[in-house]
Amino acid sequence: MTTVGPLLRGWRERRRISQLELSLRADSSARHISFIETGRARPSQAMVLRLAEHLEVPVRERNALLLAAGYAPAYPETPLDDPAMSALRAGIEQLLTGYEPYPALVMNGTYDVLAANRGIALLLDGVAEHLLRPPLNALRITLHPEGIAPRIQNLGQWRPHLLEQLERQISMRGSQRLRELYEEVSAYPGPAPEDSADPMHPFALPMRIEHGGQVLSFISSVSTFNTPMDVTVSELAIETFLPADPETVKALMP
């Protein structure tokens, strides 16, 4: 069983922070940090949580650090369909419905779609049935050759953007499931990467997708919850698609 010291050292190295810098942030000493990492000192529960906070360790992995140090997990993992989550679910559903007719969806930490509004149907037009079986995975549906990919007009720009985003998340979170997802979707056939610069939209890269004989243009925005105290909530992401031009607004209005 891996002890807490090597795990903390791994997170510190992933964040490219020295022992001295971490000790200053956590109000400790470089010597004490060194002793914790080498197993010569056992950190208190409060110290584990403090170091995890300063290393920006994801909530799920903070529980893993606590277990490795011999403590009980500090953060619950409550299923989204649990009665205790009813207020959260109601808020999410209200947000998704209120965003219509524009597409919006909710994903977990591995891009599985947990909820979506009716606007998302236009993005799923023509997607192979096997990709729509639960659990739907947003990245798989987007990049699979039988998914949305053939309809994305600027796939040479959009595909590298999504893969780079996934690489950053792997680096930040160290998730094996995300690594496996990256290996899968990056192996799908795709066009050569193109320059992502877009003089029409210098502030963000739009996704241009064919639908019903028209090309719709969307800018994607992802929102997460601030200071989550539950593993499930910490990994939720709400993605909304904002029309990037007047033509798309007009096409989606009833």
Side-chain angles (χ1 to χ4, degrees), residues 99-173 175 177-224 237-252:
Y99 202 72
E100 293 175 354
Y102 307 144
L105 55 85
V106 180
M107 302 173 289
N108 64 13
T110 52
Y111 289 87
D112 290 335
V113 179
L114 305 179
N117 67 4
R118 290 178 295 182
I120 210 72
L122 69 88
L123 299 182
L124 301 181
D125 183 36
V127 172
E129 184 180 349
H130 69 90
L131 293 173
L132 298 177
R133 297 183 190 128
L136 280 72
N137 186 275
L139 274 182
R140 183 177 295 118
I141 288 174
T142 301
L143 297 179
H144 196 283
E146 295 180 275
I148 300 173
R151 294 167 49 221
I152 298 178
Q153 304 296 298
N154 59 335
L155 186 62
Q157 294 175 316
W158 193 251
R159 185 175 184 272
H161 163 73
L162 292 182
L163 293 177
E164 288 169 9
Q165 173 182 292
L166 184 53
E167 284 184 311
R168 287 195 299 270
Q169 290 184 315
I170 292 170
S171 176
M172 290 293 292
R173 296 170 53 187
S175 168
R177 288 187 63 189
L178 285 180
R179 286 194 184 93
E180 293 170 358
L181 180 62
Y182 178 86
E183 290 173 2
E184 176 191 340
V185 299
S186 63
Y188 294 158
E194 300 174 10
D195 184 3
S196 61
D198 189 333
M200 295 295 293
H201 299 280
F203 51 87
L205 176 66
M207 177 181 69
R208 297 192 176 92
I209 184 167
E210 186 277 330
H211 177 70
Q214 290 182 276
V215 176
L216 305 180
S217 184
F218 294 99
I219 290 173
S220 169
S221 173
V222 177
S223 302
T224 57
I238 303 172
E239 184 167 17
T240 54
F241 294 84
L242 181 71
D245 56 39
E247 292 76 18
T248 302
V249 173
K250 184 178 179 180
L252 297 181

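- The two atoms that bring Thr110 and Leu178 nearest to each other are CA-CD2, 3.9 Å, heavy atoms only.
- Atom CG of Leu155 is separated from atom CE of Met207 by 10.5 Å, given to the nearest 0.5 angstrom.
- Of the possible donor and acceptor atoms, none in the side chain of Asn154 sits under 3.5 Å from a partner among the backbone N and O of Gln157.
- Glu183 places no side-chain N or O within donor-acceptor distance of the main-chain N or O of Ser186, the cut-off being under 3.5 Å.
- The two residues Gln214 and Ala251 come nearest to each other via the heavy atoms OE1-CB, 3.7 Å.
- Scanning both residues, Gly147 and Pro150, for their nearest heavy atoms gives O-CD, 3.4 Å.
- Heavy-atom contacts from other residues, nucleotides or ligands closer than 6.0 Å to CZ of Arg179 number more than 12.
- With Arg151 contributing its side chain and Val127 its backbone, the two residues share no donor-acceptor pair below 3.5 Å.
- Closest approach of Phe241 to Tyr102, counting heavy atoms only: O-CB, 3.5 Å.
- For the atom pair OH (Tyr188) and CD (Glu146), the distance works out to 9.5 Å, reported to the nearest 0.5 Å.
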Q: Run the numbers on Val185 and Leu166 for side-chain contact (heavy atoms from CB on, under 4.5 Å), then give the verdict.
A: CA-CA 10 Å; Val185 299; Leu166 184 53; 4.3 Å; yes
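- Put simply, CG on Asp125 and CD1 on Ile120 are 12.5 Å apart, with the number rounded to the nearest 0.5 Å.
- Between His211 and the choices Leu123, Leu252, Leu122, Thr248, the side chain to side chain contact (heavy atoms under 4.5 Å, CB included) rule is met once, by Leu122.
- Summarising the geometry, atom CG belonging to Asn137 is positioned 12.0 Å from atom CG belonging to Leu132; distances are rounded to the nearest 0.5 Å.
- Note: Asp112 CG to Arg140 CZ = 7.5 Å, rounded to the nearest 0.5 Å.
- Nearest heavy atom pair, residue Tyr182 against residue Leu163, reads CE1-O, 3.7 Å.
- Between Met107 and Ala138, the closest heavy-atom pair is SD-CB, 3.6 Å.
- Side-chain contact between Glu184 and Leu181 is present, with at least one heavy-atom pair separated by less than 4.5 Å.
- The main-chain N or O of Asn117 is never found under 3.5 Å from a side-chain atom of Glu100 such that the two would form a donor-acceptor pair.
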(Q) Is there a side-chain contact (heavy atoms from CB on, under 4.5 Å) between Glu164 and His161? Walk through the geometry before answering. (A) CA-CA 5 Å; Glu164 288 169 9; His161 163 73; 5.6 Å; no
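- Of the N and O atoms on the side chains of Glu247 and Ser217, not one donor lies less than 3.5 Å from an acceptor on the other residue.
- With rounding to the nearest 0.5 Å, the separation of CD in Glu239 from OH in Tyr111 is 8.0 Å.
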